[in-house]
Amino acid sequence: MNHALIVGAGIAGLSTAWALVRRGWTVTILERGPLPNPLAASSDHHRLIRWHYSDRVGYAARMGEAFAAWDDLWSDLGTRHYVETGVLALSTLEGDWTEVSCRTLDALGVPHERLSVADAIARFPHLDPDLDARFASFTPTGGALMANRIMASLADWLRAAGGEIHTDTPVTSVDPFTGSATTADGTVFRADTLVVSSGVGAPAFGLPGAPDLVPTGSTIVYARPPADLEQAWEKAPCWVDLGGHDDLWGIAPVDGLPAKLGMGILSVPGDPETERIATQERVARILGAYRGRFRSIERFSVETAQRNFYATAPEGRFVLKRADRAVLLSADSGHGFKFGALTGLDAAEAIAEPDRFESVARRMAGLAAG
Ligand SMILES: Cc1cc2nc3c(=O)[nH]c(=O)nc-3n(C[C@H](O)[C@H](O)[C@H](O)COP(=O)(O)OP(=O)(O)OC[C@H]3O[C@@H](n4cnc5c(N)ncnc54)[C@H](O)[C@@H]3O)c2cc1C
């Protein structure tokens, strides 16, 4: 039986393990922390899944497959860790991110609604009544993937299927020629294929031919609307791009959680070991940026704020690269969770069918069908 050794139990490593087990492989996973590891890019209550992708047609075109892959996973797990809220985007300037996204959705035949600002405010009363925008774009599908629950369920499924998962087991070096990994206590694990899916930890292994993966810090704020606005938020959709240049994105209150407020332009390279504090200044900038977009944002109460890191690859593309018996997998660049289950199916296809490796890698990079 073919055997894969997987370094890193984020969504990419766990999904690849799931898809390989479905193909009859055995898997061993080595994870440096607990599972889920709060320091992993994948770790949080939830991650956004949405269709809007502006001019990144290669990724927008794969969203249908991404949703289908999650459905495959739900059916194996016997539970659905997904809250569908729909997703809203706003256009404030001609030819901006949202307007280009709408053109892409039209070209791909993806259902979406274009709403006047007055209609958007009437339908979504959490929006600021003085909202200054050209139009709103809404997809009825998309929403919150419950990330930590997905990873915990995947781990349970893998263990039940005979997979071995070693938590609190940092890998200190890998050898692509022998397909082996050495852990901090000196134990050597070996397999037919070694998958390095260790996120911001991957560059430390110095795999030959690996592209630059830059650790990028992103701050998010969890904040609750005031009691008198709770009803206005009840059916609020998640959002991506609320116009302007600050790249606002976030997740509506779901499952008893506060709203999650993000701001893309605050995502900058940094050191994941030492720069994890969500400073007051960043929190204030994020809340301030939502003024004029969400009603009475100044009355929201902040519950927590976090700074977490993802690995940015050149051009923000997903990376699948082979070096002898090792495969480097980084389907991240800050937008990888939504593709998680599909990434696993893709990576398993490339690993189990080596003739298809390069075409799958191009497909994952959003460059081609194959
Ligand atoms: C704040 C934030 C918000 C985001 N929001 C979204 C979103 O809304 N939608 C979306 O689609 N994407 C989003 N992303 C991106 C998405 O979360 C990532 O693309 C995805 O989770 C990457 O998964 P991964 O498995 O490649 O990496 P990771 O989740 O980082 O997993 C890597 C694993 O490897 C382990 N590891 C590292 N080094 C070693 C070692 N030496 N030995 C053993 N194990 C090791 C780590 O502990 C970790 O568990 C966001 C990312 C961040 C940080």
Side-chain angles (χ1 to χ4, degrees), residues 5-17 28-50 52-53 59 63 66 70 87 142-148 150-151 154-155 165-174 181-184 189 195-205 213 215-222 238-240 247 249-251 260-264 266-267 270 272-273 276 278 286 305-313 316 318-320 328-344 347:
L5 178 61
I6 296 175
V7 181
I11 192 62
L14 291 167
S15 296
T16 301
T28 303
I29 301 179
L30 307 177
E31 164 55 47
R32 77 171 167 186
L35 206 165
N37 184 347
L39 300 181
S42 307
S43 180
D44 199 350
H45 296 296
H46 39 38
R47 291 278 179 253
L48 175 64
I49 181 165
R50 36 87 180 172
H52 295 89
Y53 245 102
Y59 290 101
M63 283 312 305
W70 287 115
V87 177
L145 290 162
M146 306 309 286
N148 283 350
I150 292 171
M151 290 189 287
L154 263 168
I165 304 180
H166 300 263
T167 52
D168 301 306
T169 306
V171 170
T172 49
S173 65
V174 300
T182 304
T183 62
F189 290 81
V195 179
V196 176
S197 52
S198 38
V200 295
F205 297 126
L213 293 175
T216 306
S218 174
T219 303
I220 54 108
V221 177
Y222 276 103
C238 293
W239 62 96
V240 58
D247 184 12
W249 62 271
I251 297 188
K260 176 159 122 179
L261 310 167
M263 183 177 177
L266 288 191
S267 297
E273 301 300 323
R276 286 187 175 263
I286 292 175
Q306 302 163 10
R307 189 151 193 264
N308 198 351
F309 281 79
Y310 55 80
T312 301
F318 295 170
V319 174
L320 185 72
L328 171 66
L329 171 61
S330 177
D332 187 355
S333 291
H335 64 115
F337 201 96
K338 67 180 77 58
F339 289 99
L342 182 60
T343 291

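Counting convention: from 1, in listed order, for ligands and their atoms alike.
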What atoms in ligand 1 come closer than 4.0 Å to a heavy atom of [X]?
X	value
Gly10	25 (O), 29 (O), 31 (O), 33 (C), 49 (O)
Phe205	41 (N)
Leu30	43 (C), 44 (N)
Ser218	1 (C)
Pro170	42 (N)
Phe309	53 (C)
Ala331	19 (O)

Considering heavy atoms of the protein only, find what lies nearest to [atom] and give residue, atom and distance to 0.1 Å.
atom	answer
atom 37 (C) of ligand 1	Ser198 O, 3.2 Å
atom 41 (N) of ligand 1	Val171 O, 3.0 Å
atom 19 (O) of ligand 1	Asp332 OD1, 2.5 Å
atom 27 (O) of ligand 1	Gly199 CA, 3.9 Å
atom 35 (C) of ligand 1	Glu31 OE1, 3.2 Å
atom 14 (N) of ligand 1	Gly334 O, 3.3 Å
atom 50 (C) of ligand 1	Arg47 NE, 3.5 Å
atom 7 (C) of ligand 1	Leu48 N, 3.5 Å

Return a yes/no value for [X]: is any of its N or O atoms, backbone included, closer than 3.5 angstrom to an N or O of ligand 1?
X	answer
Gly336	yes
Trp249	no
Ser333	no

Exercise. So Ile251 and His45, side chain to side chain contact (heavy atoms under 4.5 Å, CB included) or not? Walk me through it.
Worked result: CA-CA 10 Å; Ile251 297 188; His45 296 296; over 6 Å; no
Nearest 0.5 Å please: distance from the [atom1] atom of [X] over to the [atom2] atom of [Y].
X	Y	atom1	atom2	answer
Tyr310	Ser330	OH	OG	12.0 Å
Leu14	Ser197	CG	OG	8.0 Å
Phe337	Met151	CZ	CE	5.5 Å
Ile11	Arg47	CD1	CZ	10.5 Å
His166	Ile29	NE2	CD1	9.5 Å
Ser267	Asn308	OG	CG	10.5 Å

Which one of [options] has a non-hydrogen atom at the shortest distance from [atom]?
atom	options	value
atom 53 (C) of ligand 1	Tyr310, Phe337, Phe318	Tyr310
atom 26 (O) of ligand 1	Ala311, Pro215, Ser42, Ala12	Ala12
atom 32 (C) of ligand 1	Ser43, Ser197, Cys238	Ser197

Next item on the list: Go through the steps to decide whether Thr28 and Phe189 satisfy the test side chain to side chain contact (heavy atoms under 4.5 Å, CB included), and finish with yes or no.
Entry: CA-CA 9 Å; Thr28 303; Phe189 290 81; 4.1 Å; yes
Sorted by chain and number, sequence neighbours left out, side chain to side chain donor-acceptor pair (under 3.5 Å) with His46 holds for none
Not counting sequence neighbours, which residues clear salt bridge (Lys or Arg N to Asp or Glu O under 4.0 Å) with Lys260? List them please.
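Lys260 satisfies salt bridge (Lys or Arg N to Asp or Glu O under 4.0 Å) with Asp44 only.
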Any heavy atom of [X] closer to ligand 1 than 4.0 angstrom?
X	result
Ser330	no
Phe339	no
Leu39	no

So which bit of [X] gets within less than 4.0 Å of ligand 1, heavy atoms only: side chain, backbone, both or neither?
X	result
Ala9	backbone
Ile11	both
His335	backbone

* Student check: side-chain heavy atoms of Leu5 and Leu30 closer than 4.5 Å ->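 They are in contact (side-chain heavy atoms under 4.5 Å apart), so the answer is yes.
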Apply side chain to side chain contact (heavy atoms under 4.5 Å, CB included) to the pair Leu145 and Ile150, showing each step before the final yes or no. CA-CA 8 Å; Leu145 290 162; Ile150 292 171; 3.9 Å; yes
Original post:
Any side-chain donor paired with an acceptor under 3.5 Å for Thr312 and Thr216?
Top reply: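 Side-chain D/A pair, Thr312 to Thr216: present.
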Do the side-chain N and O atoms of His335 and Tyr53 include a donor-acceptor pair separated by under 3.5 angstrom?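 Distance-only check passes for His335 and Tyr53.
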Looking at Glu31 and Ala9, would you say the former's side chain and the latter's main chain have a donor-acceptor pair under 3.5 Å?
yes
**Request:** Could you walk me through whether Ser43 and Asn37 pass side chain to side chain donor-acceptor pair (under 3.5 Å), step by step?
**Result:** CA-CA 6 Å; Ser43 180; Asn37 184 347; over 6 Å; no
